[in-house]
Structure formats: structure tokens, C-alpha cells
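Let me give you the structure first, and then I'll get to my questions.
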There are 2 protein chains.
Amino acid sequence: MKLLDIAEVAKRSGLPASTLRFYEEKGLIESLGRRGLRRTFEPDIIGRLALIALGRTAGFTLDEIAAMFGRELPAQLDRELLSAKAEELERMIGQLTALRNGLRHAATCPAPSHMECPSFRRLLKIAAARSNRTPPKGRRKS
Amino acid sequence: MKLLDIAEVAKRSGLPASTLRFYEEKGLIESLGRRGLRRTFEPDIIGRLALIALGRTAGFTLDEIAAMFGRELPAQLDRELLSAKAEELERMIGQLTALRNGLRHAATCPAPSHMECPSFRRLLKIAAARSNRTPPKGRRKS
DNA sequence: ATGCCACTTCAAGTTGACTTGAGGTCAAGC
DNA sequence: GCTTGACCTCAAGTCAACTTGAAGTGGCAT
């Protein structure tokens, strides 16, 4: 018998049950039925949750992800979107790389004040340029 | 005469005036005085705003950034923090790179369903692993 | 001296992704 | 048969980083 109850899914996916209920409400996942009042899921829910995680990582909102699951075939548009996201990631990677180098330097730079370090000042330009697009907004978990 | 009024700062930094007021309220920047009722800033506000942008890009919250500006000397801790952030970025870059590769592949993959593509399934594992740390949360500006 | 209009304040609203709390239910173990 | 505890629902709360709106002010061009 392969049905997983919500606690099992929570354990395997690392997501709290409340998030799974929330995702279901949003239409991102569906439960197959109930055992008593407990939701049960098909085992491939794990794959779908991974897919959702992927989408989030790539910067899609939950609504966008839900929309993608919604329609069936026109993978045409999907692929365009995927390409676009890949490009976006490409740029982001470039900037983050520069940023990482800058931070590394700043961490070990002997200049009395960071502002006096030319390398640091280059870094600032990158950040300033970057700041106009896609402000990162962190809910860190701890 | 070098003082900039808020509109000038807004234009040069690309940030709306409301954000500048908000930053001031938060203690991230300070205005030097008023010309009439209008705030005026020293020109190096631009540098500071770049620094704030840098911090945000690196994943600090505004409160963390404010705290950093607060204390003066113990650059010791600063540098540790910077190293830590650099490491974090390093990991993030690795994952985003894998992700970008995966997206690129998915965009051109001929498999009828993505789920049937082994390359795509590898991608899912990365995303699933990534999903536990630092959920990205996008306010896109458009 | 008058009116415009970009600025001001302060409170409240927004967004996305959840989490929390109160009050209820049910299968299982004693 | 009764308690227990993990689940349930639904509404409301939270968090970060801003934005928006209403009502007011003051420098400057006419």
C-alpha cells in the first residue's frame, strides 16, 4: 500500500504539514483522499514538491507554478519561459560571482576602511547596478 | 554647494523618494538638514546607498545592515560575517549554475514530458535539496 | 500676492508565502 | 468506553520592504 499520509510527506519533503495544506489550497498539489480525516497522497507527490521547489528556486511565484501545472500541452510557451529564466539566472550568476569575489576580498582586505579600497569600490558599482533589478527578499528560516 | 535634495538623490540612486524617507526612518541613512521642508543630503549618500544595495544583494536584511553601520570598530566580526556571506554565495552560485544548466536543457529537451528526462530529474534533486535553505522570495518590480 | 507643485508627515495598505491559534474530530491504544 | 494526540478547518496574524493616500507646507515663478 503506497499512499502516504501527510506526516510522511512532511518528513520526506522537509516541508511542514501546514505548508502542504497551503499548497493544496493553492492548487499546487492535491491529496488523493482521506484516511479518517487525514489527507493521503500518492507517492509521486514528492516529485511534484521537488518540481515546485525547482520553480521557486528559479524565481517563479507559486501562482506561476500553479498556472504551469494547469495547462497541458503548449509546452511551447513553457520552453520560452524556461529559456528566459535560464538567461536571467545566467546574469544573476555573473553578478553573484563578482559579488562573492568582492566579499572575499573585503573580508581579508587590509585597507583601514573599506571605502578606501578600490576593489571594494568596484564592488559597490556592481551592487548599485544590481539593485535596480530583482531586489532579493529574504525570509530566512531559523 | 554640494548638498543634494531628495529628488536629486532619488534620480542618482534610482530609488524613489519614499524609499529614501523609509531608509532614513530605519536609521540607514541620515539627512543633513532641510531646505524649507525638503531634506538635503551630503553627496556621499550615494556611496552609502550603494553600500546598502550591496548588503541587500548579499542577503542581509535592512536591520542587519543598520546594525553594521551602527558600531564602529570591531571590523573583526564584520570580516567574519563577510566571509560567511561569501561562502553562502559560493554555494548559491553552484546551485544556480546547476539550475541554469537544467533549465537550458529542459527548454530544448525533446522528451515528451520533462519527467521522462533523466537530466531533468537530476535537476529536481538539486532543487529539492536547495529548497530547505534560503527560500527565494521575489518582489519583482514591474 | 497668488498659485503651483514638489515636497512633507503619519497611518494604513500591499505582496508573497506561509504560520499560528482556537476549537473540533477521529482512529487507536488502554 | 474513554482518553490521547495527531490531524482537521478557518480566520487571522506575521514578516520584510516598501508604497499609497490624505492632508498640510513652503519656495519660487508669474
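Just so we're on the same page: letters track the sequence lines, and every chain starts at 1. Side chains are part of it too, since the values below use all heavy atoms of this structure and drop only hydrogens, waters and symmetry mates.
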(request) Using whole Å, report how far CD of Glu8(A) lies from C1' of dA6(D). (result)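 Roughly 14 Å, once rounded to whole Å.
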(message) Contact list please: residues 36-44 of chain B against DNA chain D, heavy atoms, distance less than 4.0 Å, in numerical order.
(response)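 Within this stretch, Gly36(B), Leu37(B) sit under 4.0 Å of the strand.
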(message) Tell me the interatomic distance from Arg56(A), atom CZ, to dG16(C), atom P, rounded to whole angstroms.
(response)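 Roughly 12 Å, once rounded to whole Å.
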(request) Locate the shortest heavy-atom distance separating Ala10(B) from Ala17(B); write the atom from each residue and the value. (result)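 Shortest heavy-atom contact: CB-N, 4.2 Å.
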(message) Any residue in residues 20-34 of chain A with a heavy atom nearer than 4.0 angstrom to DNA chain C? Just list them by number, or reply none.
(response)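 Here the set is Phe22(A), Tyr23(A).
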(request) Please list all pairs passing the salt bridge (Lys or Arg N to Asp or Glu O under 4.0 Å) test where one or both residues lie in residues 4-16 of chain A, with sequence neighbours left out. (result)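 Those involving residues 4-16 of chain A are Glu8(A)-Arg12(A).
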(request) Using side-chain contact (heavy atoms from CB on, under 4.5 Å) as the criterion, list what pairs up with Asp44(A), not counting sequence neighbours. (result)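 Checked Asp44(A) against side-chain contact (heavy atoms from CB on, under 4.5 Å); matches are Glu42(A).
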(message) Restricting to salt bridge (charged side-chain N to carboxylate O under 4.0 Å, His left out), what partner residues turn up for Glu30(A), sequence neighbours left out?
(response)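 With neighbours one apart ignored, the set is empty.
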(message) Restricting to side-chain hydrogen bond (donor to acceptor under 3.5 Å, both in side chains), what partner residues turn up for Thr40(B), sequence neighbours left out?
(response)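 By the side-chain hydrogen bond (donor to acceptor under 3.5 Å, both in side chains) rule, Thr40(B) matches no residue at all.
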(request) Could you pull out all residues at least two apart from Arg34(B) that satisfy side-chain contact (heavy atoms from CB on, under 4.5 Å)? (result)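 If we apply the side-chain contact (heavy atoms from CB on, under 4.5 Å) test to Arg34(B), skipping adjacent residues, the hits are Arg39(B).
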(message) Under the rule for side-chain contact (heavy atoms from CB on, under 4.5 Å), what residues qualify as partners of Arg100(B), not counting sequence neighbours?
(response)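 Arg100(B) satisfies side-chain contact (heavy atoms from CB on, under 4.5 Å) with Ala86(A), Leu89(A), Glu90(A), Ile93(A), Thr97(B), Arg104(B) only.
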(request) Can you tell me the distance, in whole Å, between the CG atom of Leu62(B) and the P atom of dA17(D)? (result)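 Atom CG in Leu62(B) sits about 4 Å away from atom P in dA17(D).
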(message) Quick check: on DNA chain C, is the nucleotide nearest Thr19(A) upstream (toward 5') of the one nearest Ala17(B), or the reverse? Name the residue that is more 5'.
(response)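 With Ala17(B) and Thr19(A) compared, the 5'-side residue is Ala17(B).
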(request) Please check the phosphate of dT19(D) (OP1 and OP2 only) for any side-chain N or O of Ser18(B) closer than 4.0 Å. (result)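 For dT19(D), OP1 or OP2 has a side-chain N or O of Ser18(B) closer than 4.0 Å.
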(message) Without decimals, in angstroms, what is the distance between Asp5(B) CG and dA6(C) C1'?
(response)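 So the CG-C1' distance, Asp5(B) to dA6(C), works out to 9 Å.
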(message) Would the distance check show the side chain of Arg48(A) and the main-chain N or O of Leu28(A) forming a donor-acceptor pair, the cut-off being under 3.5 Å?
(response)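 Indeed, once roles are kept as given, a pair shorter than 3.5 Å links the two residues.
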(request) Could you state the atom-to-atom distance from CG of Leu49(A) to P of dC18(C) in whole Å? (result)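 Taking atom P of dC18(C) as the reference, CG of Leu49(A) is at 11 Å.
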(message) Please enumerate all residues that pass side-chain contact (heavy atoms from CB on, under 4.5 Å) together with Thr19(A), with sequence neighbours excluded.
(response)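 Thr19(A): side-chain contact (heavy atoms from CB on, under 4.5 Å) contacts with Leu15(A), Pro16(A), Tyr23(A).
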(message) Just the rounded figure in Å: distance from C1' of dG26(D) to CZ of Arg35(B).
(response)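 One finds 14 Å between C1' of dG26(D) and CZ of Arg35(B), rounded.
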